[in-house]
Amino acid sequence: MSAPRPEELMTIAGSRLLRDGQVVFAGVGAPLEASVLAKRLHAPSLTVVLEGGSIGPRMIPGKLPISTNEMRAQVGSTMLVGIIDLFLYAQRGCYDVGFIGAAQIDKFGNVNTSYIGDPDSPKVRLPGSGGANDIVSSCREIIVMTRHEPRRFVEQVDFVTSPGWLSGPAERERAGLHRSRPVAVITDLALLGFEPESGRLRLDALQPGATVESVVEATGFELLVPDAVGELAPPAQQELDELRRLQDGDPQAPARLQEVASAP
Amino acid sequence: MSAPRPEELMTIAGSRLLRDGQVVFAGVGAPLEASVLAKRLHAPSLTVVLEGGSIGPRMIPGKLPISTNEMRAQVGSTMLVGIIDLFLYAQRGCYDVGFIGAAQIDKFGNVNTSYIGDPDSPKVRLPGSGGANDIVSSCREIIVMTRHEPRRFVEQVDFVTSPGWLSGPAERERAGLHRSRPVAVITDLALLGFEPESGRLRLDALQPGATVESVVEATGFELLVPDAVGELAPPAQQELDELRRLQDGDPQAPARLQEVASAP
Amino acid sequence: MDKRMGLAEAAGLVADGDTVVGGGCLYSRPPYAMLFELLRAGRRDLVLARNLMCYEAELFLVRGAAAKLMTSWVGIGLPWGIPRVFREFAERDPSIYEEWSHLSFGLRFLAGSMGMPFLPTASLLGSDVLKRTPAQEMRCPFTGELLVAVPACQPDVALIHAHRVDPEGNAQVEGPVYMDLEFARAAKTVIVTAEEVVSPEAIARSADRTVIPGFLVDAVVEVPFGSYPGECYGLYEADFAHFDKYVELVNSGGAGGVEEYLRRHLDEAGDFAGLLDLVGASALLEQRRRARELVAA
Amino acid sequence: MDKRMGLAEAAGLVADGDTVVGGGCLYSRPPYAMLFELLRAGRRDLVLARNLMCYEAELFLVRGAAAKLMTSWVGIGLPWGIPRVFREFAERDPSIYEEWSHLSFGLRFLAGSMGMPFLPTASLLGSDVLKRTPAQEMRCPFTGELLVAVPACQPDVALIHAHRVDPEGNAQVEGPVYMDLEFARAAKTVIVTAEEVVSPEAIARSADRTVIPGFLVDAVVEVPFGSYPGECYGLYEADFAHFDKYVELVNSGGAGGVEEYLRRHLDEAGDFAGLLDLVGASALLEQRRRARELVAA
């Protein structure tokens, strides 16, 4: 069995943040994989909720969905519901955790998936919010998962698609965002939290192999570094095995399905 | 075959107001019977909609429902939908006709099914609006059906449960009631319309056997009587037969069902 | 998590003074087993809410179990007339009946279920109903159109009777859903009674029929015939003869007639199973036969 | 009333410049047969709306069939990257993409489907998305809570692909309904394509599964595999290899690659049946096998 890849470190660390009995609204990609992994390992009563209308799906290893709207994301669900209703459960306060990815994130945890550069003349037009804005506005605790690169971790996002702490807790309160609370950012290098007073990102713990210096270097803004920084336990063999089985399936599965299922 | 009873005159006249291809939201009792009768006779493409969530039900003769929420009201429906959705179709403007009964009605067609006497110290506490208020607020054309008695036709209702023309078209417009329009009141004595300028009830046509005098006498307010008053055609044998078959069913049906089905 | 328990334990989730909404509509799929259990448990001063309210209005008023009714209509049905004891209570003190239109009542719960403090509607405009509720006129911020804003209701408890439910509370119904979704999602506590408790796998086989997700639900109780004397779609018709007998008691004895009914059917029956025994197996089977006949039609 | 017609006739119900919303979600139950027909008919300057928009964004932009996209996300899926031609269009003129969040997009249609000019939400608060849409902040008239009001959308046309429909338009779907109900009820004209047209009696046998009532519907078209290359729940999986080939064309040829795709799959195929022939029966049957395998799992 090979050593854990960066994405695997990130996904496994993310899965550990989910507790049994919670309801998690997971975005496509790594958040979805982390949620499914948690349910298969330490949180059997975790309810996974996906944007396309699935409540409580059980994925087929090797056939993870590419989108959260397709049959593969619906297999074994206890409830299939309209999309507006699915989001209104969030707005009602039914979801403990909202778990999303990010193209660009700033020191207050604001997420941009809309424009790189000036929105009126963008360098890159990104795909858009999808459900991310809704998730961060309404799920009780918000976790963001993304690769740790300076181009992703910027001083200030070009566009606030999905608010984090905005410019701090006071502005967040003024904006009326009282239903949700950004709590963590998981990367392949670290677990970041937020300083309560300022709403700024803070280095809480290092992934195996990372150092404070490597994290600071990969962060495009001044990351708060407390005196004591924790260390995340390395992936257990069971975690790695189960994640790879989820992604790759059993050897008989068609090659095409496996390839797609393990795409970034 | 016996002569038509007053309720039968009313129900048959009501059924004739419905046109093929329309969607009618029918209240329980005579409006429901009139709607089902119309569908069975001259309006096969009429879509009947009932408060409990039935769209397009086909009743079983002799097993007409007592409420609009029960299985008998759902038999043969093409769609069973949640109650809020059923009403929201009305608010969306999907229903051509709203067809209700009335305990008390005044010269502007305002309907009271809430209080007889002072609402703070009522002589009679009536059951309440049910869906009537919603129906008259949103269905395009409103038809009211009720027995013609002075205690029902009053100068001014004690309580406006379901607005007619309020005190006239100007007040109705001020109140924001632009989605619907009261158009007719059907009784066992007459078909009444509304004078466009004033929104006041006007005698449009007489039921068989009724006279202008008998209608005026049975009306507790000054009814507008134009120079030319029409006459409604007497029930055709087919109309009477079909209505009685609907109410009484075939002779083998349990007596209890028939009794209940023909209750007022 | 296994949320199965008995009716008596579930009744413990309801406190005196709570706002309690009951699912179904009138005598169709009402949560009668659970409502009767609240009476048996001696709950007091509830605000009892249903979109159309059947004879439970009188049962709860006479026992002091409800201090107030919130609904759009009270009665069993046209053939049985205006409920006499309800009239006595509501004419003595009109404030015990908070009257809404059917839709505006529902929109209060829809708003609550959306996590929104209000929703706009075209109902109630120009009516006197509007004047006696906390709803108020508002203007659309975009068009200026005059509308009515209804305030959200998030009741303390929703009681829902379903066709089937799994131990976690994932519940499915057949036929119309009435306002069950909105009630369950709006409420702080949800008690689901069901004709049968099934496995999660059985639920997952038709996941698109699930109307209440388990994470909303606090208690699951299996109660066959749990809507009796009301109906449950496809399974049993309402027992109209039972309502006849009830109305006879009330018409002859007023509130005393209601007490007489409660003494026989609640107190002496002991529990809901005792009530079903009192009704008798053959009568229940006859209601079942009638339902099957209708659904097959 | 029998509303059956062919795709070409149904396309005649859509006018240049219309706002057209497509049902399903991304590549799940999309109304592709009908969308392709609009391209074939040469419609121009549509506002094309879907809650998540798949590769049709590029097909419509390149042909000039859409002047504007209204959605919350554009792409096929993470493995295929950000669509290159979409980027070219949207970076040249950002106004061609009206971006909403997924829920706020849906609430526009829910408002429209409720006959209300707006609905309140907690989404978009504090975001820059809010600043670039006609949504605006408002306060709850009861609680004073800061909320966002989204304006209703009542599109000219909704295109829905269903599992089955009767000639009057009563339509049923299996699996998730996505936003189909809201789209259909909000729209002024509704075109339903379906895997099969069945009798009204077949619909009535499971009336609680009907999601679109006939009175909303203007055209009924039977189109087996009508969501191809997307999926239709339980019947066929999406053809990911087809998307692969499309993205290869675009990555090598840009807008020219899109044109190349359209020439082959639309123009030369002649009609939707021709496209299916091009794909081939065995490939379609393989997609069907995969779907059955998933649903049986």
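Quick note on labels: first sequence line is chain A, next is B, and so on, each numbered from 1.
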*Asks:* Determine the minimum heavy-atom distance between D/Tyr97 and A/Leu126, stating which atoms define it.
*Replies:*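 Closest approach of D/Tyr97 to A/Leu126: CE2-O, 4.2 Å.
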*Asks:* Taking every heavy-atom pair that is under 4.5 Å apart, which of A/Pro119, A/Ser162, A/Gly82, A/Gly176 has the most such pairs with chain D?
*Replies:*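 Winner by heavy-atom pair count: A/Pro119.
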*Asks:* Shorter than 4.5 Å, heavy atoms on both sides: which option in D/Ile82, D/Val74, D/Leu103 has the most such pairs with chain A?
*Replies:*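 It is D/Leu103.
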*Asks:* Non-hydrogen atoms of chain A under 4.5 Å away: do they reach the side chain of D/Phe105, the backbone, both or neither?
*Replies:*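 Interface part for D/Phe105: neither.
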*Asks:* For the candidates D/Gly106, D/Gly234, D/Gly175, D/Ser127, which exhibits the highest count of non-hydrogen atom pairs separated by less than 4.5 Å from chain A?
*Replies:*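 Winner by heavy-atom pair count: D/Ser127.
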*Asks:* Regarding A/Gln74 and D/Tyr233, is there a side-chain donor-to-acceptor distance under 3.5 Å anywhere?
*Replies:*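 There is no such pair between these side chains.
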*Asks:* Working to the nearest 0.5 angstrom, can you tell me the gap between D/Ser123 OG and A/Arg179 CZ?
*Replies:*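 One gets 9.0 Å once the value is rounded to the nearest 0.5 Å.
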*Asks:* Roughly how far, to the nearest 0.5 Å, is CD of D/Glu174 from CE of A/Met71?
*Replies:*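 Answer rounded to 0.5 Å: 12.0 Å.
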*Asks:* Quick check on D/Leu52 against chain A: is it the side chain, the backbone, both or neither that has a heavy atom closer than 4.5 Å?
*Replies:*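 Just the side chain, heavy atoms under 4.5 Å.
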*Asks:* Under the side-chain contact (heavy atoms from CB on, under 4.5 Å) criterion, do A/Phe159 and D/Lys131 qualify, and how do the steps go?
*Replies:* CA-CA 10 Å; A/Phe159 187 86; D/Lys131 297 178 191 154; over 6 Å; no
*Asks:* Between D/Glu88 and chain A, with a heavy-atom cut-off of 4.5 Å, which part of the residue counts as in contact: side chain, backbone, both or neither?
*Replies:*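 Looking at D/Glu88, nothing touches chain A.
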*Asks:* Does any backbone or side-chain atom of A/Val124 lie under 4.5 Å from a heavy atom of chain D? Answer side chain, backbone, both or neither.
*Replies:*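 When you check distances to chain D, atoms from both the backbone and side chain of A/Val124 fall under 4.5 Å.
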*Asks:* Quick one: is the NZ or CZ of A/Arg125 closer than 6.0 Å to the six-membered ring centre of D/Phe89, and within 45° of its axis?
*Replies:*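 No.
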*Asks:* Quick check: does any side chain N or O of A/Glu70 sit under 3.5 Å from a backbone N or O of D/Tyr27, one acting as donor and the other as acceptor?
*Replies:*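 Side chain of A/Glu70 to backbone of D/Tyr27: no pair is present.
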*Asks:* So do the side chains of D/Glu293 and A/Lys63 get within less than 4.5 Å of each other, counting heavy atoms only?
*Replies:*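 Answer yes - side chains close enough.
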*Asks:* Write down the atom of D/Ala90, the atom of A/Pro122, and the distance for their closest heavy-atom approach.
*Replies:*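 That would be O-CG, 4.3 Å.
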*Asks:* Side chain to side chain contact (heavy atoms under 4.5 Å, CB included) with D/Leu125: which of A/Val136, A/Asn133, A/Leu177, A/Leu166?
*Replies:*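 Looking at A/Val136, A/Asn133, A/Leu177, A/Leu166, the match for D/Leu125 under the side chain to side chain contact (heavy atoms under 4.5 Å, CB included) is A/Leu177.
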*Asks:* Measure A/Ile60 against the heavy atoms of chain D and call it side chain, backbone, both or neither at under 4.5 Å.
*Replies:*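 When you check distances to chain D, only side chain atoms of A/Ile60 fall under 4.5 Å.
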*Asks:* Within this structure, what is the CZ-OG distance for the pair D/Arg92 and A/Ser121, rounded to the nearest 0.5 Å?
*Replies:*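 One finds 12.5 Å between CZ of D/Arg92 and OG of A/Ser121.
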*Asks:* Nearest 0.5 angstrom please: D/Phe240 CZ to A/Ile66 CD1, how far?
*Replies:*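 One gets 4.0 Å once the value is rounded to the nearest 0.5 Å.
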*Asks:* With chain D as the partner, which of A/Leu86, A/Leu80, A/Ile83, A/Asp85 has the greatest number of non-hydrogen pairs under 4.5 Å?
*Replies:*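 Heavy-atom pair counts peak at A/Ile83.
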*Asks:* Is the number of heavy atoms from other residues, nucleotides or ligands under 6.0 Å of A/Arg140 CZ greater than 12?
*Replies:*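 Atom CZ in A/Arg140 is crowded, with more than 12 foreign heavy atoms closer than 6.0 Å.
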*Asks:* Name the region of D/Ala57, side chain, backbone, both or neither, that has any atom closer than 4.5 Å to a heavy atom of chain A.
*Replies:*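 Looking at D/Ala57, nothing touches chain A.
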*Asks:* Which residue in the set D/Asn51, D/Val177, D/Leu110 passes side chain to side chain contact (heavy atoms under 4.5 Å, CB included) when paired with A/Ile84?
*Replies:*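 Option passing the side chain to side chain contact (heavy atoms under 4.5 Å, CB included) with A/Ile84: D/Leu110.
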*Asks:* Heavy-atom cut-off 4.5 Å, strictly under: side chain, backbone, both or neither for D/Cys232 against chain A?
*Replies:*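 Just its backbone gets close to chain A.
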*Asks:* Is it the case that atom CD in A/Glu195 sees more than 12 heavy atoms from other parts of the structure closer than 6.0 Å?
*Replies:*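 Counting neighbours around CD of A/Glu195, more than 12 heavy atoms of other residues, nucleotides or ligands fall under 6.0 Å, so yes.
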*Asks:* Using every non-hydrogen atom in the two residues, find where D/Pro176 and A/Gly52 come nearest and quote the distance to one decimal.
*Replies:*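 It is CB-O, 3.8 Å.
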*Asks:* Distance alone, cut at 3.5 Å: any donor-acceptor contact between the side chains of A/Ser129 and D/Glu99?
*Replies:*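 Their side chains do not contain a donor-acceptor pair, so the 3.5 Å distance test is not met.
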*Asks:* Any idea which of A/Val75, A/Ile135, A/Val81, A/Asp120 has the most non-hydrogen atom pairs under 4.5 angstrom with chain D?
*Replies:*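 Option with the greatest count: A/Asp120.
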*Asks:* Of all of D/Val295, D/Ile76, D/Leu124, which one pairs up most often with chain A through heavy atoms under 4.5 Å apart?
*Replies:*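 The answer is D/Leu124.
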*Asks:* Please flag which part of A/Ser67 lies under 4.5 Å from any non-hydrogen atom of chain D: side chain, backbone, both or neither.
*Replies:*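 Both parts, backbone and side chain.
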*Asks:* So with a 6.0 Å cut-off around CD of A/Glu149, is the heavy-atom count from everything else above 12?
*Replies:*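 Count over threshold, so yes.
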*Asks:* Quick check on the interface: out of A/Glu51, A/Met79, A/Glu171, who has the most heavy-atom pairs with chain D under 4.5 Å?
*Replies:*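 Ranked by heavy-atom pairs under 4.5 Å with chain D, first place is A/Glu51.
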*Asks:* Rounded to the nearest 0.5 Å, how far does OG1 of A/Thr68 lie from CG of D/Leu26?
*Replies:*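 If we round to the nearest 0.5 Å, D/Leu26:CG and A/Thr68:OG1 are 8.5 Å apart.
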*Asks:* Verify the distance criterion only: is there a donor paired with an acceptor across the side chains of A/Gln91 and D/Thr121 at less than 3.5 Å?
*Replies:*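 Looking only at side-chain atoms, D/Thr121 and A/Gln91 do form a donor-acceptor pair, the distance falling under 3.5 Å.
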*Asks:* At a heavy-atom separation under 4.5 Å, does A/Arg174 approach chain D through its side chain, its backbone, both, or neither?
*Replies:*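 Backbone only.
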*Asks:* Considering all heavy atoms of both residues, which atom of A/Ala175 and which atom of D/Gly126 are nearest to each other, and what is their separation?
*Replies:*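 Reported closest heavy-atom pair: CB-CA, 3.8 Å.
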*Asks:* Hey, is A/Lys123 close enough to D/Glu91 for a salt bridge, meaning N to O under 4.0 Å?
*Replies:*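 No.
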*Asks:* Side chain, backbone, both or neither: which part of D/Tyr236 has a heavy atom under 4.5 Å from chain A?
*Replies:*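 Backbone of D/Tyr236 only, per the 4.5 Å heavy-atom cut-off to chain A.
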